[in-house]
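Report on the following structure.
When a residue number appears, it is its place in the shown sequence, counting from 1. In this text, all values refer to a predicted model and were calculated from it rather than measured experimentally.
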Amino acid sequence: MTKAVLLLAGGGVVATALVGDRVAVFAVVLTVGLGLVALQLRAEPSVPAVLTQLSALFLAGRLGKYLTTDVYFGGSDTFAHVAAVDTLLRGGSTAAIPHGYDLYPVFHYLVGTVRYTTGLESYDAIVLTGIGVFTLVVPLAYLLGRSVFGSRRLGLLTALSVPVLEFFSYHALYFYPQALASVLVLVALLVNSLLHRAGDERAFRRLSVFVVALVATMVITHHLTYLLFAVVALAAVPVTLARPFLFDEPRAHSRRWLQFRWLFPGVVGGVFLLAYWSYSPSLITVGIVQLTLGVLFDVAAAPAEQLYLYGTTFPTDSVGRAVEWLSTATGIYAVGLAAILLLAGYELLDSLGTYGRGFTLTATGLGLSALLLPVPISIPQIERLKFVITLVAVFPVAVGLGRALSVDRRYAAVAVLLVAVMGGATGFTVLAADDVADVYLEEPREQVAMSDDQYRAVGTTAAFLQRSDADPVAAGKITNRAFETYRFNATGTIQGEPGGLRTDAPFLVVRHSWTDHIVALGDSIRSNGLGRIAVGDERFRRTDATVNKVYTNDHTRVYYSEGGHTGVYGTNTTAASV
């Protein structure tokens, strides 16, 4: 069976490289491959064999996306980190790293080392390092599951949860400091689990030294992950206190887990974090925390964000459209995840005594996993919190998968099909396949990938603006992030209005790809919400034919007006609040 899955995964990568499209190929490869793994997990399979198959399927799916996206940048941070790695290697010092990451340089040192030793470009080094790191999460999840549950089978099911949960697939390619820090959190959970079960004082001390070094590394890897994981830790406290009543344990046993001897890794990490922040506070973290707490406790409002439609319309919501959404990969994934979490809840209620060893993390993950499902609540930076929740969601998902795959032979085909279909859908949700426009039913989304030609066009535009000493220059968020990799920065801002775009900058950079995507005009948290736009193709062409262009190529234009620009794309516009 292992050879068959490896051939399937490898054949999928080769077919994707030849065809140039991964949707049809990996819809089959992931569904069939994970179905075969699920079938094996109904028995007592070889651990190395299953981990090899799961790692191969996860790796193949990520390589398929890498091969079908020339320049994939996800939420646009990739551009900033490409520029940061280039700057680090050029200057040889962390002081040159921009955006405050000079204080959190572990990610850039790792990627920079990969680039230096392999000769890859910074972009390829970032993406391939992310793919490699997250493929290693599969065996790491097995070790963690086995340690937490004390069960080899549940360890394998925890490993199966990695290709089943979309955030692992997403961040393997959208690899940035929080993604690396989150993998370190998983390592910390494993070490802490081993620490609690250390057989002698010598082993306890060795693991203690390692975990202290690990949390110190985490502090200088990412400035927000520790705070986000604190949410998980706080949610686990009431579960820990409830254990004596659920498992007929002495209350002293529950309180033992709250003693400093067992909590010191988190406490020491928190002390490191506070000490480091007092030396070099991260203003963006403070801003995010203040805004989130303000919104949650109704003492502040999130910056109002407007979506302006210029010469285009979006489909309206309806019951039929909602039902149709359920047939998309995102809908199938959401339904499948909800079903598995419900099975996990039922299994815990039905066989509570069986899960005493891993109950705290499983129950905590189950409660928080509701946030991984589509919810009509707007929370600032919710995607970052969801990723951290995914780290503990692996436990209830493992329990739910185990319940599904342990059904009677009469229903085995249904259980295997559930795992296979959900696993196949995971590779094509809005997150995991955000570069493919036709795999979900939504209005256009922000651009997450460029062709090589589009990226080069941004570079030649940056070169023109540098030669011309153009200043100030206004550009959209994605364009400006891409400019960073060419050592150029557009300092002007663009304001969306019902009557069209407005900017005081004399140079305005626009891209033809704007007609295919929603365009973010700026970073809403930092600039208090400059809005987003969607431009129809006809409106773009009409405007492009009438304005003063000082530079143009196949993908990018530079408009010039000494007094700035008003009413760009604005004739007969409509505006909608979102």
Side-chain angles (χ1 to χ4, degrees), residues 37 41 45 47-48 50-55 58 132-165 167-169 171-172 178-199 203-204 206-208 210-211 213-215 217-218 221 225-226 228-229 232-233 235-236 239-240 257 262-263 265-266 269 340-341 344 347-348 354-369 372 387-402:
V37 172
L41 287 172
V47 170
V50 172
L51 292 181
T52 299
Q53 294 169 50
L54 288 174
S55 298
F58 185 87
V133 167
F134 273 85
T135 300
L136 291 175
V137 169
V138 174
L140 173 61
Y142 164 74
L143 295 173
L144 179 59
R146 181 169 181 173
S147 178
V148 168
F149 291 112
S151 164
R152 188 185 69 144
R153 182 169 186 272
L154 282 169
L156 289 174
L157 291 165
T158 306
L160 176 59
S161 69
V162 174
V164 164
L165 289 166
F167 274 92
F168 292 114
S169 298
H171 282 292
Q178 185 186 344
L180 176 60
S182 296
V183 175
L184 296 180
V185 168
L186 280 178
V187 176
L189 285 174
L190 172 60
V191 175
N192 212 39
S193 177
L194 297 173
L195 189 70
H196 288 181
R197 293 170 177 84
F204 182 89
R206 285 181 174 180
L207 289 169
S208 299
F210 178 81
V211 77
L214 181 63
V215 296
T217 303
M218 289 166 56
T221 299
T225 305
Y226 233 107
L228 293 174
F229 196 73
V232 176
V239 179
T240 302
W257 296 101
W262 308 108
L263 296 179
I340 288 172
L341 292 174
E347 175 70 0
L348 288 178
T354 306
Y355 300 96
R357 178 161 167 169
F359 177 78
T360 299
L361 284 170
T362 304
T364 302
L366 183 60
L368 293 174
S369 292
L372 300 180
F387 188 26
V388 175
I389 291 173
T390 300
L391 303 180
V392 291
V394 295
F395 303 111
V397 168
V399 172
L401 289 170

Spacing of [X] atom [atom1] and [Y] atom [atom2] [to the nearest 0.5 Å]:
X      : Y      : atom1 : atom2 : answer
Leu194 : Leu144 : CG    : CG    : 9.0 Å
Phe168 : Ser182 : CZ    : OG    : 8.5 Å
Gln53  : Leu156 : CD    : CG    : 10.5 Å
Leu136 : Leu186 : CG    : CG    : 12.0 Å
Leu140 : Leu51  : CG    : CG    : 11.0 Å
Leu190 : Leu214 : CG    : CG    : 10.0 Å

With side chains defined as the heavy atoms from C-beta onward, is the minimum distance between [X] and [Y] less than 4.5 Å?
X      : Y      : answer
Phe58  : Val137 : no
Phe229 : Leu189 : yes
Thr362 : Phe149 : yes
Val162 : Leu54  : no

If you take all heavy atoms of [X] and [Y], which pair is closest and at what distance?
X      : Y      : answer
Val148 : Arg357 : O-CG, 3.0 Å
Ala179 : His171 : CB-CB, 4.0 Å
Ser169 : Pro163 : OG-O, 4.5 Å
Val239 : Ala235 : CG2-O, 3.7 Å

Exercise. Is a side-chain N or O of Ser161 found less than 3.5 angstrom from the main chain of Thr158, in a donor-acceptor match?
Worked result: yes

Problem set entry | Pairs satisfying side-chain hydrogen bond (donor to acceptor under 3.5 Å, both in side chains), at least one member in residues 139-150, at least two apart | Tyr142-Arg146, Ser147-Ser193

Problem set entry | Residues that Phe359 engages under ring pair (Phe, Tyr, Trp, His ring centres under 6.0 Å), provided they are two or more places apart | Phe247

Below 3.5 Å, can you tabulate the donor-acceptor pairs from side chains in residues 387-398 to any protein atom, sequence neighbours excluded?
{"unit_1": "Thr390", "atom_1": "OG1", "unit_2": "Lys386", "atom_2": "O", "d": "2.9"}

Problem set entry | Arg152 atom CZ, neighbour heavy-atom count above 12 within 6.0 Å | yes

